Amino acid sequence: VQLQASGGGLVQPGGSLRLSCAVYGAIVSRGALGWFRQAPGNRRELVAGMTGDGNTNYSDSVKGRFTISRDNDKNTVDLQMNSLNPEDTAVYYCYMQQVYEFWGQGTQVTVSS
C-alpha cells in the first residue's frame with residue numbers, strides 16, 4: 001500500500017489550499033483515514049480523521065476551517081483548508097489504517113505573508 005500526498009505550498013494568511021492523497025493498493029472506503037501535521041519542534045498531531053463509514057472528527061484548532069473528504073472513484077482522501085493562518089504551517093501527512101498503518105510522504109504547507 002502506498003499513499004502519495006500532493007497540494008502543499010505557500011499561501012498567504014486567510015487563503016486556502018487543498019491537499020490530496022492518492023492511495024494505491026487499498027480501497028479508501030474500507031479503512032480509517034486521516035491527515036496529520038507536524039511543525040518544527042512539535043509532535044505529529046491529528047488534524048482530521050474519517051472512519052470507514054464516513055464519520056469525521058477534527059482537532060479544535062481546525063474545526064470549522066478544514067474539511068476531510070474521500071473520493072471513492074478516484075481512491076483519494078482530500079483535505080480542504082480554508083482561512084489558513086501562520087499556526088497552520090507544518091508538514092502534512094496523510095494516513096490510512098486497514099489492519100496496518102500506512103503513511104504518505106508528507107507535503108509542506110507554509111502560511112506566510
Side-chain angles (χ1 to χ4, degrees):
V1 177
Q2 291 187 338
L3 280 63
Q4 186 171 353
S6 61
L10 173 65
V11 63
Q12 291 187 343
S16 298
L17 277 177
R18 187 176 183 88
L19 306 182
S20 185
C21 180
V23 177
Y24 302 97
I27 299 174
V28 294
S29 61
R30 296 183 182 177
L33 303 167
W35 283 94
F36 289 71
R37 68 185 180 188
Q38 187 169 18
N42 290 358
R43 299 178 65 177
R44 191 172 296 188
E45 63 173 355
L46 175 66
V47 173
M50 176 180 285
T51 63
D53 56 8
N55 292 321
T56 59
N57 64 286
Y58 299 91
S59 67
D60 288 342
S61 62
V62 307
K63 198 172 296 183
R65 300 188 298 123
F66 290 11
T67 304
I68 187 172
S69 62
R70 70 181 181 214
D71 187 321
N72 293 339
D73 291 333
K74 296 181 180 178
N75 214 43
T76 61
V77 53
D78 299 337
L79 185 68
Q80 178 66 42
M81 305 184 294
N82 299 327
S83 302
L84 287 160
N85 58 62
E87 289 70 37
D88 296 316
T89 295
V91 178
Y92 284 71
Y93 299 88
C94 54
Y95 163 93
M96 180 174 185
Q97 182 182 32
Q98 193 177 64
V99 180
Y100 300 104
E101 295 183 342
F102 305 97
W103 293 89
Q105 82 281 16
T107 184
Q108 176 71 46
V109 172
T110 302
V111 185
S112 174
S113 56

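Quantities reported herein were computed from a predicted structural model and do not represent experimental measurements. Values below: all heavy atoms of this structure, side chains included; hydrogens, waters and symmetry mates excluded.
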Open item on the list: What's the separation between atom CG in D71 and atom SG in C21, rounded to the nearest 0.5 Å?
Closed with: 12.5 Å
Task: NZ/NE/NH1/NH2 to OD/OE distance under 4.0 Å, R18 and D78 - done: yes
Task: Rounded distance (nearest 0.5 Å) linking atom OG of S29 with atom CG of D53 - done: 11.0 Å
Open item on the list: When you measure from the side chain of N75 to the backbone of V28, do you find a donor-acceptor pair of N or O atoms at a distance under 3.5 Å?
Closed with: yes
TODO: Please report the C-alpha distance between L84 and T89 in whole Å, then the side-chain angles of each, then the deciding distance to 0.1 Å, and finally whether the side chain to side chain contact (heavy atoms under 4.5 Å, CB included) criterion is met.
DONE: CA-CA 9 Å; L84 287 160; T89 295; over 6 Å; no
Task: Flag, side chain of Q2 to backbone of V23, donor-acceptor distance under 3.5 Å - done: no
- [ ] Decide yes or no on side chain to side chain contact (heavy atoms under 4.5 Å, CB included) for M96 and V77, but give the supporting numbers first.
- [x] CA-CA 9 Å; M96 180 174 185; V77 53; over 6 Å; no
Open item on the list: Looking at R65 and S61, would you say the former's side chain and the latter's main chain have a donor-acceptor pair under 3.5 Å?
Closed with: yes
Open item on the list: Less than 4.5 Å apart, side chain to side chain, heavy atoms only: is that true for L19 and T107?
Closed with: yes
Open item on the list: Donor-acceptor pair, distance only, cut-off 3.5 Å: does the side chain of Q108 make one with the backbone of G8?
Closed with: no
TODO: Kindly compute the distance separating CG (L10) from OG (S112), expressed to the nearest 0.5 Å.
DONE: 6.5 Å
Open item on the list: Can you confirm whether V1 sits close enough to Y24 that some side-chain heavy atom of one is under 4.5 Å from a side-chain heavy atom of the other?
Closed with: no
Open item on the list: Are the side chains of N82 and F66 in contact, using a 4.5 Å heavy-atom criterion?
Closed with: no
TODO: Would you check, one step at a time, whether the test side chain to side chain contact (heavy atoms under 4.5 Å, CB included) holds for Q38 with R43?
DONE: CA-CA 6 Å; Q38 187 169 18; R43 299 178 65 177; 5.6 Å; no
Open item on the list: Rounded to the nearest 0.5 Å, what separates atom CG in L3 from atom OG1 in T76?
Closed with: 11.0 Å
Task: Inter-residue atom distance I27.CD1 - R70.CZ, 0.5 Å rounding - done: 11.0 Å
TODO: Give the minimum heavy-atom separation between A5 and W35, together with the two atoms involved.
DONE: CB-CH2, 4.2 Å
Task: Row check, Y93 ring normal vs R37 NZ/CZ: under 6.0 Å, within 45° - done: no
Task: M50 CE to T67 OG1 distance, which is reported to the nearest 0.5 Å - done: 9.5 Å
Open item on the list: Would S69 and Q80 count as a side chain to side chain contact (heavy atoms under 4.5 Å, CB included) here? Give the steps.
Closed with: CA-CA 8 Å; S69 62; Q80 178 66 42; over 6 Å; no
- [ ] Could you tell me whether the side chain of Y58 and the main chain of L46 form a donor-acceptor pair under 3.5 Å?
- [x] no
Task: Transitive ILVMFWY side-chain link V91 to L33, under 4.5 Å - done: no
Open item on the list: The criterion is side-chain contact (heavy atoms from CB on, under 4.5 Å); which residues satisfy it with Y95, sequence neighbours excluded?
Closed with: F36, Q97, E101, W103
